[in-house]
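To keep things clear, I will list the structure first and then write my remarks on it.
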Amino acid sequence: MILESQSPLQLPILDISQPSNSSTLSSLAAVCKEWGFFHVINHGISNDLYRKINCLSKHLFNLPSETKLKAGPYSSLKTYTPHFIASPFFESLKVSGPDFRDSAKGSADTLAGEGNSEFSEILQEYGGKMTELAKVIQKTVLMSLGEELGMKYYVSEFGNCHGYLRINNYSPPDSLEQEVEGLGMHTDMSCITIVYQDELGGLQVRSKDGKWVDILPCEGTLVVNIGDMLQAWSNDKLRSSEHRVILKKLVNRFSLVFFWCFEDEKVILAPDEVVGEENSRIYKSFVCSDYLNFRLTNEKGKFEKVGFTIKDFVGIGSKLK
Ligand SMILES: O=C(O)CCC(=O)C(=O)O
Ligand SMILES: [Fe+2]
C-alpha cells in the first residue's frame with residue numbers, strides 16, 4: 001500500500017509488510033524517476049534497536065581522536081572516517097557485511113579493547129535485518145519497472161549484491177548563523193541506500209531544477225534512495241539524486257546508512273528490455289569496481305563530495321572518456 005506522506009515533497013510511503021499491487025508499483029516508478037527517494041514503513045527495525053546502536057556507537061565516537069585513528073584511513077582496518085574528510089562535522093564508522101558481527105568486532109576491539117561483544121552483536125542484528133529489507137526493497141523497485149522484468153532480473157542481476165553500513169556521527173556546529181553542511185552534496189554509489197535519520201532531520205534532496213528540498217523525519221519511517229549503480233542499470237528510469245545533510249540545530253546528529261551494492265566484478269549494462277525500443281542507451285557498460293575507484297581517486301568525485309558521477313564516467317557523450 002502507498003500512502004502520501006506529510007512532507008512538503010509528498011514522497012510515497014511504501015508499506016513493506018503488504019504485497020505490492022499495480023498502483024503501488026506505478027507510484028513507486030514515478031517517484032523513483034522524479035526524485036529517487038521514498039519512505040518505507042513496517043520495516044521491522046525498532047526504535048529500541050536504533051537507540052542501542054546510537055548509545056554503543058557514541059561510546060566509540062567519544063574516544064580521543066588518536067584512539068579512533070587506530071581504525072582510520074591510514075590504518076590497516078580503514079573503518080573509521082575522521083572529521084575534515086567529508087566535512088568538519090562528520091565522522092563515520094563502516095561496518096561491512098555479510099559478517100557484520102566480525103566487522104564490528106574488529107573496530108570495537110581496536111578502539112575500545114577486547115571483551116565487550118554487545119556492539120558487535122547488535123550490529124549483526126541490524127545488518128542482518130537491513131540485508132533482508134534491502135532485498136525486498138530492491139525487488140519491489142525492480143518490479144516497478146515491470147513485474148515480469150523485476151522477477152526476471154532480481155536474481156540474475158542482483159543476486160550477488162552485498163550490504164555495508166555507515167554509522168554517521170555529526171558534531172554540533174558552533175553557531176547556525178549561516179547554513180551548515182554536515183555532509184556536502186553527493187550521490188551514492190550503491191544500488192539502493194536505506195537511511196535511518198534521527199528526529200532532527202536535515203537530509204535534503206536536490207530537485208531536477210536544482211532546489212534543495214527537506215526529507216522530513218517521521219517516526220517509524222526509513223528513507224530509501226536510489227544510487228548511481230541502479231541509475232546506470234535502469235538507463236535513468238531510476239534517478240540517483242544529489243543529496244546532502246544540513247545541520248539545523250546546535251545538537252549532535254546521528255544516522256545509520258545502509259548501502260546495498262553490486263559485487264565489485266559485476267559488469268553493469270542496462271538490459272535491452274529496460275532501455276526500451278524507443279529510447280537510446282545512456283551508459284556504456286562498465287565494471288562496478290572501476291566506477292568505485294574512479295570516484296575514490298578523483299578528488300572532485302570522492303564519496304561525500306560534490307563532483308563527478310556516473311554520467312562523467314560512462315555517460316555516452318561524456319567529456320571524460
Ligand atoms: O546522514 C544521513 O542522513 C545521510 C548520509 C548520506 O547521505 C550518506 O552517508 O551517503
Ligand atoms: Fe548519501
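All heavy atoms count here, side chains included; hydrogens, waters and symmetry mates do not. Note that ligands are numbered from 1 as they come in the structure, with each ligand's atoms numbered from 1 the same way.
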- Relative to the ring of Phe258, is the ring of Phe100 parallel (under 30°), tilted (30 to 60°) or perpendicular (over 60°)? tilted
Within 4.0 Å of some non-hydrogen atom of Val195, the atoms of ligand 1 are 3 (O)
Gln197 and Val223 have their tightest heavy-atom pair at NE2-CG2, 4.5 Å
(message) A quick test of your reading: do over 12 heavy atoms of other residues, nucleotides or ligands sit less than 6.0 Å from CG of Asp48?
(response) yes
For Asp188, the N, O or S atom at the shortest distance from the Fe ion (ligand 2) is OD1
At under 4.0 Å between heavy atoms, what of Thr193 touches ligand 1? The answer is neither
Of Arg253, His243, Gln197, the residue with the heavy atom nearest atom 7 (O) of ligand 1 is His243
Numbered in order shown, the ligand 1 atoms found under 4.0 Å of a heavy atom of Ser255 are 1 (O), 2 (C), 3 (O)
Counting heavy atoms under 4.0 Å, the part of Arg166 that contacts ligand 1 is neither
### Message
Can you tell me if His186 contacts ligand 1 (heavy atom of the residue under 4.0 Å from the ligand)?
### Response
yes
Closest to atom 5 (C) of ligand 1 (heavy atoms only, candidates Tyr170, Phe90, Tyr196, Phe259) is Tyr170
Quick look: Val223 vs ligand 1, heavy-atom contacts under 4.0 Å, and the answer is neither
| message | Is the positively charged end of Lys94 above the ring of Tyr164, judged by distance under 6.0 angstrom from the centroid and angle within 45° of the axis? | response | yes
Ligand 1 to Asn168, heavy atom cutoff 4.0 Å, flagged ligand atoms 1 (O), 5 (C), 9 (O)
Could you check, using the six-membered ring where one of them is a Trp, whether Phe286 and Phe313 have ring centers closer than 6.0 angstrom?
yes
Exactly one of Asp15, Leu25, Val136, Leu28 clears side-chain contact (heavy atoms from CB on, under 4.5 Å) with Ser20, and that residue is Leu25
Note to self: Check this for me: does any side-chain nitrogen of one of Glu121 and Lys105 sit under 4.0 Å from a carboxylate oxygen of the other?
What the structure shows: no
